[in-house]
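In what follows, chains are A, B, ... by sequence order, proteins preceding strands, each numbered from 1.
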Number of protein chains: 2
Amino acid sequence: MKPIQHTQSSCRPVVEILDRISDKWTVMVVNQLGGRTMRFSELKREIDGISQKMLTTTLRGLEYDGLVTRTVYAVVPPRVEYSLTDLGRELQVPLMELGKWAIDNRDRMLAARDRFTERESTVR
Amino acid sequence: MKPIQHTQSSCRPVVEILDRISDKWTVMVVNQLGGRTMRFSELKREIDGISQKMLTTTLRGLEYDGLVTRTVYAVVPPRVEYSLTDLGRELQVPLMELGKWAIDNRDRMLAARDRFTERESTVR
DNA sequence: CCGGATCCCGGTCGATACTG
DNA sequence: CAGTATCGACCGGGATCCGG
């Protein structure tokens with residue numbers, strides 16, 4: 001009968017949600033999709049380094065979670081468009097800040113890595 | 001000689017940084033570590049579902065990236081303490097907002113999943 | 001041709017056991 | 001207590017095939 005420490009992190013459910021939204025490709029896709037509607041190939045072109053398989057998987061997950069809408073046009077060649085839902089646009093707010101942090105602090109992280117490596121080589 | 005579209009997402013470097021900071025366990029560790037210093041076992045206890053291996057790996061990565069400080073006390077039993085650096089505390093700001101979003105919108109995501117599943121079964 | 005499904009392979013993750 | 005070692009399971013990436 002231990003008292004439950006209700007810190008946010010000791011909850012399995014939160015981990016489960018974080019596992020979906022704090023994924024590298026999820027962050028990239030939601031940030032890229034921001035605002036406007038985009039085609040599959042357009043997303044693939046813009047998001048550097050993503051494989052078509054992972055883009056498909058990520059978009060399916062986002063659709064399942066109600067963050068993205070998928071619209072198929074029965075034309076040839078096929079045309080499939082993706083856009084954020086309301087929930088997706090709300091998620092985009094914290095994700096964009098994360099992306100901004102990444103851009104702003106990249107150099108500091110790289111510098112820290114250099115210091116770490118250098119420190120290691122002097123200690124040994 | 002194609003013109004470079006300098007949208008944030010088409011930069012490999014940003015993907016590389018995002019890959020490190022938008023990782024499930026990284027988010028959990030930084031959020032848990034917020035403010036105060038913690039021991040290895042304390043982190044392991046608080047972060048639900050993390051394995052000792054992934055905690056070690058994640059902490060090593062965070063140390064390498066200059067986000068966390070690792071302090072070893074030469075006592076027996078061993079005592080190793082971890083705390084956020086200045087850079088880590090700055091990263092914590094967007095990460096906590098992401099965690100907050102996860103908590104606030106969990107139900108909406110679960111509801112969306114139900115709708116998705118239901119829709120699938122009716123279409124078929 | 002576009003969007004995506006499938007197969008194979010290599011790397012990563014997790015559980016368990018062991019050590020200073 | 002705070003890790004390392006090991007091994008099987010799973011996941012991501014690339015190549016290839018396919019349906020409209």
Side-chain angles (χ1 to χ4, degrees), chain A residues 9-10 12 15-16 18-30 32-33 36-65 68-83 116 120 123-124, chain B residues 9-10 12 15-29 32-33 36-65 68-83 116 120 123-124:
Chain A
S9 48
S10 57
R12 274 238 166 69
V15 180
E16 202 268 347
L18 269 176
D19 192 22
R20 312 274 302 205
I21 64 176
S22 71
D23 164 75
K24 173 175 63 165
W25 296 128
T26 298
V27 175
M28 294 301 295
V29 168
V30 172
Q32 187 60 47
L33 215 48
R36 91 173 191 288
T37 295
M38 294 178 79
R39 294 184 61 170
F40 184 88
S41 51
E42 199 177 355
L43 279 167
K44 172 133 175 45
R45 213 178 316 115
E46 292 293 329
I47 300 173
D48 206 59
I50 197 169
S51 64
Q52 73 286 43
K53 181 184 174 180
M54 281 317 292
L55 182 53
T56 304
T57 309
T58 304
L59 286 168
R60 286 279 188 282
L62 288 170
E63 194 192 358
Y64 177 62
D65 290 337
V68 154
T69 313
R70 179 171 178 266
T71 314
V72 184
Y73 297 93
V75 293
V76 52
R79 180 181 188 88
V80 183
E81 290 186 343
Y82 295 92
S83 59
F116 185 87
E120 260 210 334
V123 170
R124 302 207 168 188
Chain B
S9 48
S10 58
R12 276 241 164 68
V15 181
E16 201 267 348
I17 298 295
L18 269 177
D19 192 22
R20 310 275 302 204
I21 63 175
S22 71
D23 164 74
K24 174 174 63 167
W25 296 130
T26 298
V27 175
M28 293 301 295
V29 168
Q32 187 60 47
L33 215 49
R36 90 174 192 289
T37 294
M38 294 178 78
R39 296 184 61 169
F40 184 88
S41 52
E42 199 177 355
L43 279 167
K44 171 128 175 47
R45 213 177 316 115
E46 292 293 328
I47 300 173
D48 207 60
I50 196 169
S51 64
Q52 73 286 44
K53 180 185 174 181
M54 282 317 292
L55 182 53
T56 303
T57 308
T58 303
L59 287 168
R60 286 279 189 283
L62 288 171
E63 193 193 358
Y64 177 62
D65 290 338
V68 153
T69 313
R70 179 170 178 267
T71 315
V72 184
Y73 296 93
V75 294
V76 49
R79 180 182 189 88
V80 182
E81 290 186 344
Y82 295 91
S83 59
F116 186 87
E120 261 211 333
V123 170
R124 303 208 166 184

Kindly write out the residues that satisfy salt bridge (Lys or Arg N to Asp or Glu O under 4.0 Å) with B:Asp19, not counting sequence neighbours, or none if the list is empty. A:Lys24

C:dG3 OP1/OP2 closer than 4.0 Å to side-chain N/O of A:Arg79: no

From CG (A:Leu33) to CD (A:Glu46), nearest 0.5 Å: 11.5 Å

Distance in Å, B:Ser22 OG paired with A:Trp25 CH2, rounded so as to fall on 0.5 Å steps: 9.5 Å

Protein-proximity profile, nucleotides 13-20 of chain C, B/S/- by nucleotide at the 4.0 Å heavy-atom cutoff, equals BBBBB--B

OP1 or OP2 of C:dG3 versus the side-chain N and O atoms of A:Arg39: is any pair under 4.0 Å? yes

Rounded to whole Å, the NZ-C1' distance (B:Lys44 to D:dC1) equals 13 Å

Starting at the 5' end of DNA chain C and moving along, which residue's nearest nucleotide shows up first, A:Val76 or A:Arg60? A:Val76

Whole angstroms only, please: what is the CD-C1' distance between B:Glu81 and D:dC1? 13 Å

Mind calculating the distance between CG (B:Asp19) and P (D:dG13) to the nearest angstrom? 9 Å

Geometric class of the B:Tyr82/B:Phe40 ring pair [parallel <30°, tilted 30-60°, perpendicular >60°]: tilted

Hey, does A:Tyr73 reach any base, or is it just sugar-phosphate, or nothing, if we go heavy atoms under 4.0 Å? nothing

Within less than 4.0 Å of OP1 or OP2 of D:dG3, is there a side-chain N or O belonging to B:Arg70? yes

Please give, in whole Å, the distance from C:dA5 C1' to A:Leu55 CG? 14 Å

Nearest-angstrom distance from the residue atom CZ of A:Phe40 to P of C:dG4: 5 Å

Bend across the helix from C:dC1-D:dG20 to C:dG20-D:dC1, to 10°, with axes taken over 5 pairs at each end? 30°

List the residues meeting salt bridge (Lys or Arg N to Asp or Glu O under 4.0 Å) with B:Arg60, not counting sequence neighbours, and say none if there are none. none

Side chain to side chain donor-acceptor pair (under 3.5 Å) filter on B:Glu42, not counting sequence neighbours, yields B:Arg36

If you apply the rule side-chain contact (heavy atoms from CB on, under 4.5 Å), what do you find for A:Val15 with B:Met28, and how did you get there? CA-CA 8 Å; A:Val15 180; B:Met28 293 301 295; 3.7 Å; yes

Think A:Tyr82 has a side-chain N or O under 4.0 angstrom from the OP1 or OP2 of C:dG4? yes

How would you list, by chain and number, every residue that makes a salt bridge (Lys or Arg N to Asp or Glu O under 4.0 Å) with B:Arg39, sequence neighbours excluded? none

Ignoring backbone atoms, establish whether B:Thr56 has a side-chain N or O less than 4.0 Å from OP1 or OP2 of D:dT4. no

Can you tell me how far apart CD (A:Gln52) and OG (A:Ser41) are? Round to the nearest 0.5 Å. 12.5 Å

